[in-house]
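Beneath this line is the structure, given in structure tokens, with notes to follow.
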Number of protein chains: 2
Amino acid sequence: MTVMETTPAPTPAPTRDPAAPEICPPPPAHPRPDGQDHYTISEVVAVTGLTAHTLRWYERIGLMPHIDRSHTGQRRYRNRDLDWLTLVGKLRLTGMPVADMVRYAELVREGEQTFAQRRELLERTRRDVRARIAELQGTLAVLDHKIDIYS
Amino acid sequence: MTVMETTPAPTPAPTRDPAAPEICPPPPAHPRPDGQDHYTISEVVAVTGLTAHTLRWYERIGLMPHIDRSHTGQRRYRNRDLDWLTLVGKLRLTGMPVADMVRYAELVREGEQTFAQRRELLERTRRDVRARIAELQGTLAVLDHKIDIYS
DNA sequence: CCCTTGCTTGGAGTGCGCTCCAAGGTTCTA
DNA sequence: TAGAACCTTGGAGCGCACTCCAAGCAAGGG
């Protein structure tokens with residue numbers, strides 16, 4: 001029986017303690033196990049907090065670049081893949097649909113001639129995020145007001 | 001054939017044009033059709049942007065207070081119901097699960113002795129919203145950086 | 001009277017983003 | 001060399017928040 005597959009995010013996220021004294025400026029968001037540039041799927045699970053299922057699913061739907069394989073067919077992720085997953089994680093936080101991220105991945109695969117389209121997509125996303133923040137701040141005001149009433 | 005039921009959010013939301021000159025301070029978010037304190041379901045659809053399906057579903061799952069009925073059984077919403085839907089809309093924007101909103105609705109129905117619990121729920125939500133805003137601002141920084149690169 | 005519009009119900013269906021399963025091959029540790 | 005831990009695949013299943021359907025009732029206009 002494989003235990004790993006069923007563990008629901010043992011490390012909830014690589015969120016650092018916000019109260020910890022910030023000694024080094026920005027330690028890379030993803031603490032990567034070693035200097036080697038290849039990782040098994042379970043190492044990527046440990047680093048990203050995603051499940052192995054999700055990583056394989058991302059690949060199936062075209063959200064990942066080509067992932068190298070070992071001579072027996074096992075995935076060997078590289079640092080650039082981790083970087084990509086970091087970006088995907090950020091975009092996911094914005095609520096961007098996976099289909100849009102797949103579109104972005106396609107643009108990246110198509111090469112340099114899609115720079116303009118990629119920038120446009122990112123700028124649209126940025127507008128959405130700003131609108132979302134404004135919305136949330138409006139909601140915050142309502143919550144503050146309600147909480148006041150309950151005091 | 002009933003057309004209304006299939007119209008997907010004809011008025012996307014009561015979002016006012018942000019470029020419009022802001023003459024009156026804050027006009028009530030929901031422009032209510034008249035001074036009368038009862039509305040048919042389709043009037044509520046027009047005001048809230050929700051579908052009639054969703055309004056009936058909200059009622060089924062216990063997210064609404066008791067809604068009055070006409071002598072023929074049709075729903076007659078009142079201003080307090082619109083106020084409630086406004087709050088629900090805000091909470092929905094925060095990503096709060098519907099089940100939690102139902103819980104809040106239950107607390108309201110249980111009366112004054114649940115004030116403390118309601119406040120706690122709202123305070124937890126407020127913390128979540130603040131965390132979410134911080135997250136989004138982090139994402140915004142990443143987007144800014146990426147967009148810079150594409151320029 | 002009939003037609004259209006709008007409303008009613010319980011239950012079934014949809015789309016998204018995972019999440020899991022079964023059956024089997026591989027790799028590491030003792 | 002055994003056994004545990006880990007990896008592979010295609011496809012099925014799940015939870016959420018709606019979304020829609022079918023069949024029927026009620027009210028107003030021509």
Side-chain angles (χ1 to χ4, degrees), chain A residues 1-10 12-13 33 38-64 67-77 85 88-89 91-103 105, chain B residues 1-10 12-13 33 38-64 66-77 81 85 88-105:
Chain A
M1 194 258 281
T2 302
V3 167
M4 185 207 71
E5 300 286 20
T6 60
T7 308
H38 64 277
Y39 310 89
T40 66
I41 199 165
S42 62
E43 284 168 330
V44 178
V45 165
V47 169
T48 62
L50 297 168
T51 71
H53 295 301
T54 302
L55 287 167
R56 290 191 280 253
W57 178 67
Y58 278 1
E59 210 174 318
R60 263 196 276 182
I61 64 174
L63 184 51
M64 298 299 292
I67 302 295
D68 294 342
R69 300 302 180 109
S70 73
H71 69 106
T72 56
Q74 295 191 188
R75 289 171 181 79
R76 291 292 176 260
Y77 292 83
L85 284 169
V88 165
L91 293 179
R92 205 169 44 128
L93 285 179
T94 70
M96 179 189 271
V98 167
D100 289 5
M101 289 192 266
V102 170
R103 176 76 191 125
Chain B
M1 195 259 282
T2 304
V3 167
M4 184 208 70
E5 299 286 19
T6 60
T7 308
H38 64 278
Y39 311 88
T40 66
I41 199 165
S42 62
E43 284 168 330
V44 177
V45 164
V47 169
T48 63
L50 297 168
T51 70
H53 295 301
T54 301
L55 286 168
R56 289 191 281 254
W57 178 67
Y58 278 1
E59 211 174 318
R60 266 197 274 183
I61 64 174
L63 184 51
M64 299 299 293
H66 174 77
I67 302 294
D68 294 342
R69 300 303 180 109
S70 73
H71 69 104
T72 56
Q74 295 190 189
R75 289 170 182 80
R76 289 294 175 263
Y77 292 83
D81 302 322
L85 284 169
V88 165
K90 289 287 183 191
L91 293 178
R92 207 169 43 127
L93 285 179
T94 70
M96 179 189 274
V98 167
D100 290 5
M101 290 193 265
V102 170
R103 175 78 192 123
Y104 184 73

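These values consider heavy atoms only, across backbone and side chains, with no hydrogens, waters or symmetry-generated copies. Just so it is clear, the structure is predicted and the values come from calculations on it, not from any experiment. Chain identifiers are assigned alphabetically (A, B, ...) following the order of the sequence lines, protein sequences preceding nucleic acid strands; residue numbering begins at 1 within each chain.
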Fill in the blank from the handout: Among the nucleotides C:dG6, C:dC18, D:dA17, whichever has the atom closest to the side chain of B:P97 is D:dA17

Practice task
Using the side-chain contact (heavy atoms from CB on, under 4.5 Å) rule, take B:Y77 and B:T40 through it: C-alpha gap first, then chi angles, then the decisive distance, then the call.
Solution key: CA-CA 6 Å; B:Y77 292 83; B:T40 66; over 6 Å; no

Exercise for the section: Please tell me if the side chains of B:V88 and B:M64 come closer than 4.5 Å, counting only heavy atoms from C-beta onward. Expected result: no

Exercise for the section: Answer yes or no: does a side-chain N or O of B:R92 lie under 4.0 Å from OP1 or OP2 of D:dC18? Expected result: yes

Problem - Strand contacts (DNA chain D) in residues 69-76 of chain A, 4.0 angstrom heavy-atom criterion - result: A:R69, A:G73, A:Q74, A:R75

Practice task
Using atom CG of B:L91 as one end and atom C1' of D:dA17 as the other, report the distance to the nearest whole Å.
Solution key: 15 Å

Fill in the blank from the handout: Against the side chain of B:H53, the closest entry in D:dC21, C:dC20, C:dT9 is D:dC21

Completion exercise
A:L55 atom CG is separated from C:dG17 atom C1', nearest whole Å, by 14 Å

Practice task
Kindly indicate whether the side chain of A:R56 and the base of D:dG10 share any N or O donor-acceptor pair separated by less than 3.5 Å?
Solution key: no

Problem - Side-chain donor/acceptor of B:T54 to backbone N/O of B:L50, under 3.5 Å - result: no

Exercise for the section: Select from A:T54 and B:E59 the residue whose nearest nucleotide in DNA chain C is closer to the 5' end of that strand. Expected result: B:E59

Practice task
Report the distance from atom CH2 of B:W57 to atom C1' of D:dG15, rounded to the nearest whole Å.
Solution key: 11 Å

Problem - Nearest-angstrom distance from the residue atom OH of B:Y77 to P of C:dC7 - result: 10 Å

Fill in the blank from the handout: Taken to the nearest whole Å, CD1/A:I61 to P/C:dC18 is 8 Å

Exercise for the section: Check whether any side-chain N or O of B:Y58 sits under 4.0 Å from OP1 or OP2 of D:dA17, and answer yes or no. Expected result: no

Problem - For atom CG of B:D100 and atom P of D:dG15, their distance in whole Å - result: 17 Å

Exercise for the section: With the side chain counted from C-beta on, respond yes when A:H38 and A:E43 share a heavy-atom pair under 4.5 Å apart, and no when they do not. Expected result: no

Exercise for the section: Applying side-chain contact (heavy atoms from CB on, under 4.5 Å), run through B:I41 and B:Q74 and close with a yes or a no. Expected result: CA-CA 8 Å; B:I41 199 165; B:Q74 295 190 189; over 6 Å; no

Practice task
Identify, between B:R60 and B:A99, the residue whose nearest nucleotide on DNA chain D lies closer to the 5' end.
Solution key: B:A99

Problem - Heavy-atom side-chain contact between B:D81 and B:I67 under 4.5 Å - result: yes

Practice task
Specify the separation, in whole Å, of atom CD1 of A:I41 and atom P of D:dC6.
Solution key: 13 Å

Exercise for the section: For the residue pair B:W57 and B:V98, establish whether any side-chain heavy-atom pair is separated by less than 4.5 Å. Expected result: yes

Completion exercise
Whole-Å distance, B:I67 CD1 to C:dT9 P, equals 12 Å

